[in-house]
Novice: 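The structure follows.
These numbers come from the heavy atoms of this one structure, side chains and all, not from hydrogens, waters or symmetry mates.
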Amino acid sequence: MTTFGPLLTSPWRRSTVAVLAGALPVLAFPAPSLWWLAYVALVPWIALIRSAPTAKRAAYDGWAGGFGFMVGMHHWLLPSLNVFIFVIGALLGALWAPWGALVRHFLAGTPSRGRIAGALAVLPSGWLGIELVRSWQGLGGPWGMLGSSQWEVAPALRLASVGGVWLISFLIVAVNVAVAVLVTVRESRLPAVAGLAAVAAVTSAAWMWSPRPDTSGSTRIAVVQPGVVDGPDRRFAREEQLTRDLAGQDVDLIVWGESSVGFDLGDRPDLSKRIAALSAETGADILVNVDARRSDKPGIYKSSVLVGPDGLTGDRYDKMRLVPFGEYIPARSLLGWATSVGKAAGENRRHGTEQVLMNVGHGLTVGPMVCFESAFPDMSRHLAEDGAQLLIAQSATSSFQHSWAPEQHASLAALRAAESGRPMVHSTLTGVSAVYDASGQRVGRWVGTDAATSRVYDVPLATGTTPYVRFGDWPVHAALLVLGVWCAVRLRRRFRRPSPEPRVPPARTAHGSPARPGR
């Protein structure tokens, strides 16, 4: 199959199909959670690109598909960003334009076995390069990395412990490339089947030989989810009531959600005393999250603050990676107009400078993160590397209660737990709250968006170091190496290509005819 027929002769129709094909992988993520779809969802997009008549058209197909993927992945931001989400989708979708050209280069026509083998290495590497670039916090962070769709698949979680979500993404793209070749180029089935066999071998090897976390005791963690409550005072009162219900349940730590306290505790000693009284009553420290203008330094911060029975312990983590437009506007002097078309931040929040470990008593050391920081693999990896026994993400998705966002956010904690080999607690104001063990398997039940409750989880602790924590983002480095080698080979071939011989006009005979001497 080398063409999509007359229907796609129109550039606009072709671009529309590319947008829809690019959006298809979104269904593999929560809430649909059709995880199996990820392994074939790129096939229509790849088939479309390989049929492009020119490299330029293939790049446009890649761009259009990237636009569809980004808008589809973040469609729940539409009420907040309004038309600006389409601008962001177009800008970030351009990252897939070179990938589209690569797809056509390797798979157009009837590719040889060598080109297909190259495609199985270079195209997944190119995809990882895209995920690496858009993982920069200033571009929105790594929300919707393709490998994250496999958050509830045990073999994929085992792969995450070896190479993080990056390794899963690489293998998913490789499978899609192989399936696309099987479907569209029947003459080249052998290398495609070999590629699928290689992915199966890697997955089997990870399942068999990757080290499993060693369980070492357990801890009792309580999450407090007040639900949708208007006003910081009423929210605090609800959290206070739900926390008081935990008295006598022998918990080791109580976790409130993001923005659970709307006042600076240094400026409101009355609130600090009320939280301290709750800590004394329940016998556990309480990790709250303050979203307020600080009294000891200028600016608004989002901070995880630990409170014990004697008041503020002094342990504080200021959120480092802020949500673009939601918590600050990049280049506000140029893009400040975004506040007039959506719910963008009216004032930039300030960011922290370093990650923090907290000793919460009972011999337990935790590493806090705030909101979409749980999407960044490196943050949880560094916390585990520094000695965190339990990872915590305090979150709030109050603005997106009836969308896919709460479940997408909660699912990320499973990947972070599997990567780091440390259990993780995802505690939110309004759901979904969830807890995962060190293998990424769910502990207990989710607390859904319709619940206002406090819930206790017996969380198994773990020791040991996963390969991902030990070696870091090695799949990304390998992908960049593959891309670098391919570029070097292409350049070498171009420069070594013999230059054409200079055209010398044929000698003329005495009668003046070079073609027919003597005439």
Novice: Quick check: closest heavy atoms across Val26 and Gly72, and the distance to 0.1 Å?
Specialist: CG1-O, 3.5 Å

Novice: Quick one: does His409's side chain get under 4.5 Å of Cys371's, heavy atoms only?
Specialist: yes

Novice: Do any N or O atoms from the side chain of Trp45 and from the backbone of Asp61 form a donor-acceptor pair under 3.5 angstrom?
Specialist: yes

Novice: Would you indicate whether the side-chain heavy atoms of Tyr468 and Ser420 approach each other to under 4.5 Å?
Specialist: no

Novice: Is the closest side-chain donor-acceptor distance between Tyr317 and Glu373 under 3.5 Å?
Specialist: yes

Novice: Between Glu419 (side chain) and Val165 (backbone), is there a donor-acceptor pair under 3.5 Å?
Specialist: yes

Novice: Within the distance-only criterion (no hydrogens, no angle test), does the side chain of Arg104 pair as donor or acceptor with the backbone N or O of Ala52 below 3.5 angstrom?
Specialist: yes

Novice: Taking Glu131 for its side chain and Leu146 for its backbone only, find out whether a donor-acceptor pair lies under 3.5 Å.
Specialist: yes

Novice: Arg57 side chain to Ser51 main-chain N or O, any donor-acceptor pair under 3.5 Å?
Specialist: no

Novice: Where the side chain of Ser380 meets the backbone of Pro377, is there a donor-acceptor pair that is under 3.5 Å apart?
Specialist: yes

Novice: Could you grab the distance from atom CG of Leu481 to atom CH2 of Trp474, nearest 0.5 Å is fine?
Specialist: 12.5 Å

Novice: Do Thr430 and Thr449 come within less than 4.5 Å of each other through their side chains, counting heavy atoms only?
Specialist: no

Novice: In terms of side-chain heavy atoms, does Arg442 have a donor or acceptor partner in Ser411 at a distance below 3.5 Å?
Specialist: no

Novice: Are Ile46 and Leu107 close enough, and set up right, to give a side chain to side chain contact (heavy atoms under 4.5 Å, CB included), and what steps lead you there?
Specialist: CA-CA 9 Å; Ile46 292 173; Leu107 300 182; 3.7 Å; yes

Novice: So how far is it from Thr110 OG1 to Ile116 CD1, rounded to the nearest 0.5 Å?
Specialist: 9.0 Å

Novice: Looking at every non-hydrogen atom in both residues, tell me the closest pair between Arg422 and Ala388 and how far apart they are.
Specialist: NE-O, 3.2 Å

Novice: In Å, rounded to the nearest 0.5 Å, how long is the span from CG of Leu159 to CH2 of Trp166?
Specialist: 15.5 Å

Novice: Under the criterion side chain to side chain contact (heavy atoms under 4.5 Å, CB included), I'd like the reasoning laid out for Met70 against Leu91: C-alpha separation, chi angles, the key distance, then a yes or no.
Specialist: CA-CA 10 Å; Met70 294 307 296; Leu91 292 173; over 6 Å; no

Novice: Rounded to the nearest 0.5 Å, what separation is found between the CD1 atom of Ile392 and the CG atom of Asn289?
Specialist: 11.5 Å

Novice: Evaluate the ring planes of Trp99 and Trp127, with Trp represented by its six-membered ring, and classify them as parallel (under 30°), tilted (30 to 60°) or perpendicular (over 60°).
Specialist: perpendicular

Novice: Of all heavy-atom pairs between Leu120 and Gly195, which one has the smallest distance, and what is that distance?
Specialist: CD1-CA, 3.8 Å

Novice: Looking only at atom types and distance, does a side-chain atom of Thr397 sit under 3.5 Å from a main-chain N or O of Gly431, one as donor and one as acceptor?
Specialist: yes

Novice: So how far is it from Ser148 OG to Trp35 CH2, rounded to the nearest 0.5 Å?
Specialist: 15.5 Å

Novice: Quick one: does any side-chain atom of Gln394 pair with a main-chain N or O of Trp256 as donor and acceptor, under 3.5 Å?
Specialist: yes

Novice: Compare every heavy atom of Ala108 with every heavy atom of Arg115, then report the nearest pair and how far apart it is.
Specialist: NH2-O, 2.9 Å

Novice: How far does CZ of Arg381 sit from CG of Asp473, to the nearest 0.5 angstrom?
Specialist: 5.0 Å

Novice: Could you tell me whether a side-chain N or O of Ser149 sits under 3.5 Å from a main-chain N or O of Ala28, the two making a donor and an acceptor?
Specialist: no

Novice: Taking Arg158 for its side chain and Thr203 for its backbone only, find out whether a donor-acceptor pair lies under 3.5 Å.
Specialist: no

Novice: Heavy-atom distance under 4.5 Å between the side chains of Thr428 and Pro406, does that happen here?
Specialist: no

Novice: For Arg212, is the CZ atom crowded, meaning more than 12 foreign heavy atoms sit under 6.0 Å from it?
Specialist: yes

Novice: Take atom NE2 in His75; do more than 12 heavy atoms of anything else shown fall under 6.0 Å from it?
Specialist: yes

Novice: Is the ring pair Trp76/His74 parallel, tilted or perpendicular, if the boundaries are 30 and 60 degrees?
Specialist: tilted

Novice: Among side-chain atoms of Gln408 and Trp143, is any donor-acceptor pair under 3.5 angstrom?
Specialist: yes

Novice: Decide side chain to side chain contact (heavy atoms under 4.5 Å, CB included) for Leu128 and Ser169; before the verdict, give the C-alpha distance in whole Å, the side-chain angles of both, and the deciding distance to 0.1 Å.
Specialist: CA-CA 7 Å; Leu128 253 61; Ser169 289; 3.8 Å; yes

Novice: If a pair satisfies side-chain hydrogen bond (donor to acceptor under 3.5 Å, both in side chains) and one of its residues is in residues 450-460, list it, with sequence neighbours excluded.
Specialist: Arg220-Asp458

